[in-house]
J.: 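First, the structure itself, so that you have it in front of you.
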Amino acid sequence: MRRPADLWIGTNRGGLHPLRHGDGWSTGTPYPDAINVSFGVHSLRHDLHYLVDERDDGAIGVYRATADGWRPIARAAVDGDAPCHLALSHDQSLLAVANYASGSVSILDLDADGLPIAPAHVFAHKGSGPNRERQTSPHAHWVGFDAEDRWLYATDLGTDEIRAFTVAPSPGGNRVAPAGIAFHATTGSGPRHLLLHPQVHRVAYLANELANTLTVLVGGEGRFSATRTVSTLPEEYEGPSIVAHLAINTAGDRLYVSNRGHDSIAVFELDAKGDPRLVQHAPAGAAYPRHFVLIEDEGLMVVANEKDECVTLLPIDADGLLGPHVARVAVPGAAFVLPL
């Protein structure tokens with residue numbers, strides 16, 4: 001079993017909350033200085049955590065987790081509003097930031113110690129979509145590097161696009177440059193997150209928040225094309241729902257997508273070519289499952305549920321299916337699960 005406080009829950013208020021396991025699951029005293037933590041990434045090379053402060057004129061906090069608790073190391077402006085997603089290049093020399101409210105992508109160079117070098121390089125975007133509530137302007141929602149650190153991609157929920165950027169290999173200066181649109185998603189679908197298959201070359205999955213769909217993409221080198229789009233909801237469901245997070249297991253044969261509204265985790269079986277087949281809708285155990293992580297060595301999925309402000313723990317069976325939740329822990333403002 002995990003050591004105490006090996007899992008932390010990022011919140012939109014009240015700081016980081018430890019998730020502990022003893023006689024049942026519970027939280028402890030939160031770390032209050034990391035605020036609006038809706039996402040974060042960990043650098044193995046530098047043993048640093050980069051956590052977003054998702055607010056207007058947002059920022060990135062750099063922290064180190066120690067046996068005595070969290071230690072703030074640095075803070076960096078991103079020159080964008082509401083940073084909501086981060087990605088480290090594989091060589092861990094670049095940090096990319098998706099700024100939801102301003103619709104921009106910020107790039108921070110990292111020095112030899114992993115600290116951000118100011119100022120950020122900011123790439124703004126223009127455009128809109130047909131949804132008058134959610135698509136009146138660009139909304140960058142996800143960023144990620146390809147396996148070779150040659151391309152950076154960013155999904156834009158507001159303009160129904162995946163944007164592409166080239167990444168130069170040499171250090172120094174601005175190594176990232178815009179390279180156009182990698183994919184035009186279905187109008188009004190609201191692409192939220194992209195996932196590049198870790199084993200199947202040139203296959204990726206696009207979670208479309210507003211359409212509640214999963215699109216299978218093929219390609220790379222700055223361009224994708226769609227091969228198939230499937231719903232993440234049951235055919236008979238007619239209520240409101242929006243897609244949130246997606247993740248793939250280590251074996252690369254199960255894909256999980258969370259549905260906020262239907263309040264479920266859609267489980268897809270992936271064949272050898274990466275083609276998905278829906279096999280389950282597992283109840284999340286609470287309302288609005290926003291983010292989750294797979295703790296495969298313990299056979300658990302840990303889910304942060306936005307509206308019910310709690311964390312639920314779902315067992316992962318040997319076949320990759322999910323069982324009913326075995327624990328539910330209240331966490332005010334729960335938004336993100338951070339494993340150490």
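The shown structure was predicted, so the numbers you read here are calculated from the model rather than taken from an experiment.
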J.: With no hydrogens and no angle check, do the side chains of Q135 and D160 hold a donor and an acceptor under 3.5 Å apart?
T.: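 Looking only at side-chain atoms, D160 and Q135 do form a donor-acceptor pair, the distance falling under 3.5 Å.
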J.: Taking all non-hydrogen atoms of both residues, which atom of L115 and which atom of A74 are closest, and how far apart?
T.: CD2-CB, 4.3 Å
J.: What heavy-atom pair brings F123 and P178 nearest, and what distance separates the two atoms?
T.: CE2-CD, 3.5 Å
J.: Does the pair R328/D308 count as a salt bridge with the N-to-O cut at 4.0 Å?
T.: yes
J.: Locate the shortest heavy-atom distance separating S231 from F268; write the atom from each residue and the value.
T.: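 That would be O-CZ, 3.8 Å.
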J.: Considering only heavy atoms from C-beta outward, does the side chain of S93 approach that of D109 to under 4.5 Å?
T.: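 Of all side-chain heavy-atom pairs linking D109 with S93, none is under 4.5 Å.
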J.: Using a 3.5 Å distance criterion without hydrogens, assess whether the side chain of Q280 forms a donor-acceptor pair with backbone atoms of L322.
T.: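 Between the backbone of L322 and the side chain of Q280 there is a qualifying donor-acceptor contact (under 3.5 Å).
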J.: Where does the angle between the aromatic ring planes of F336 and H291 fall among parallel (under 30°), tilted (30 to 60°) and perpendicular (over 60°)?
T.: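 Tilted: the ring planes of F336 and H291 meet at 30° to 60°.
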J.: For the residue pair L110 and Q92, what are the closest heavy atoms and their distance?
T.: CD1-O, 3.7 Å
J.: As an exercise, state the distance from NE2 of H281 to OG1 of T232, rounded to the nearest 0.5 Å.
T.: 6.0 Å
J.: Determine yes or no for a side-chain-to-main-chain donor-acceptor pair under 3.5 angstrom, with H17 supplying the side chain and P30 the backbone.
T.: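 It does not hold such a pair.
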J.: Can you spot which of V105, T159, L157 makes a side chain to side chain contact (heavy atoms under 4.5 Å, CB included) with P138?
T.: T159
J.: What is the distance from atom NZ of K126 to atom OG of S137, rounded to the nearest 0.5 Å?
T.: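 Taking NZ in K126 and OG in S137, the distance rounds to 13.0 Å.
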J.: Mind checking whether Y288 and N305 have side chains closer than 4.5 Å, heavy atoms only?
T.: no
J.: If we check ring-ring contact (aromatic ring centres under 6.0 Å, His included) with F224, which of these qualifies: Y153, F183, Y205?
T.: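 That would be Y153.
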J.: Could you check whether T66 and D68, counting side-chain N and O atoms only, form a donor-acceptor pair closer than 3.5 Å?
T.: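 No.
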J.: For V41 and L86, which heavy atoms make the closest approach, and how far apart are they?
T.: CG1-O, 3.7 Å
J.: Are any side-chain N or O atoms of W142 and backbone N or O atoms of L194, one a donor and one an acceptor, separated by less than 3.5 Å?
T.: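 Yes.
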J.: Checking I181 against H125 for the side chain to side chain contact (heavy atoms under 4.5 Å, CB included) test, could you report, in this order, the C-alpha distance in whole Å, the side-chain angles of both residues, the deciding distance, and whether it holds?
T.: CA-CA 11 Å; I181 304 302; H125 194 40; 4.2 Å; yes
J.: State whether the side chain of E54 and the backbone N or O of S38 hold a donor-acceptor pair below 3.5 Å, judged by distance alone.
T.: no
J.: Under the side chain to side chain contact (heavy atoms under 4.5 Å, CB included) rule, what do D149 and L94 come out as? Steps first, then yes or no, please.
T.: CA-CA 10 Å; D149 281 342; L94 293 172; over 6 Å; no
J.: Between the side chains of N259 and S241, is a donor N or O closer than 3.5 angstrom to an acceptor N or O?
T.: no
J.: Return yes if some donor-acceptor pair links the side-chain N/O of N208 with the main-chain N/O of L210 below 3.5 Å, else return no.
T.: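 Judged by distance alone, no pair lies under 3.5 Å.
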J.: Would the distance check show the side chain of T186 and the main-chain N or O of S189 forming a donor-acceptor pair, the cut-off being under 3.5 Å?
T.: no
J.: For the residue pair A96 and V143, what are the closest heavy atoms and their distance?
T.: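 The pair with the smallest heavy-atom distance is O-CG2, 3.6 Å.
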J.: Where the side chain of R192 meets the backbone of A244, is there a donor-acceptor pair that is under 3.5 Å apart?
T.: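 Checked: pair present.
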J.: For a side chain to side chain contact (heavy atoms under 4.5 Å, CB included) check, start with the C-alpha distance between V337 and I9, then their side-chain angles and the critical distance, and finish with the verdict.
T.: CA-CA 5 Å; V337 183; I9 310 303; 4.1 Å; yes
J.: Will you find, in the side chains of S104 and N99, an N or O donor that is under 3.5 Å from an N or O acceptor?
T.: yes
J.: Go through V303 and H245 one step at a time and tell me if the side chain to side chain contact (heavy atoms under 4.5 Å, CB included) criterion holds.
T.: CA-CA 10 Å; V303 186; H245 187 56; over 6 Å; no
J.: State the OG1-CG distance between T27 and L7, to the nearest 0.5 angstrom.
T.: 12.5 Å
J.: Would the distance check show the side chain of R228 and the main-chain N or O of P276 forming a donor-acceptor pair, the cut-off being under 3.5 Å?
T.: yes
J.: Between T229 and T215, do the side chains contain an N or O donor and an N or O acceptor separated by less than 3.5 Å?
T.: yes
J.: Is the centre of the H141 ring less than 6.0 Å from the centre of the H85 ring?
T.: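 When the ring centroids of H141 and H85 are compared, they turn out to be at least 6.0 Å apart.
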J.: Heavy-atom distance under 4.5 Å between the side chains of L51 and W8, does that happen here?
T.: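 They are not in side-chain contact.
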J.: Check whether R254 reaches the backbone of D319 with its side chain - one donor and one acceptor, N or O, closer than 3.5 Å.
T.: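 Yes, because the side chain of R254 sits within donor-acceptor range (under 3.5 Å) of the backbone of D319.
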J.: Using the test salt bridge (Lys or Arg N to Asp or Glu O under 4.0 Å), find all partners of R55 that sit at least two apart in sequence or belong to another chain.
T.: D53
J.: Can a donor-acceptor pair be found between the side chains of D79 and S106 at a distance below 3.5 Å?
T.: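 S106 and D79 do not have a side-chain donor-acceptor pair below 3.5 Å.
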J.: Under the 3.5 angstrom rule, does the side chain of E209 hit a backbone N or O of H193 as a donor-acceptor pair?
T.: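 No.
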J.: So do H42 and L88 actually touch side chain to side chain, heavy atoms under 4.5 Å?
T.: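 Not touching, per the 4.5 Å side-chain cut-off.
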J.: Salt bridge or not between E221 and R202? Use side-chain N to carboxylate O under 4.0 Å.
T.: no
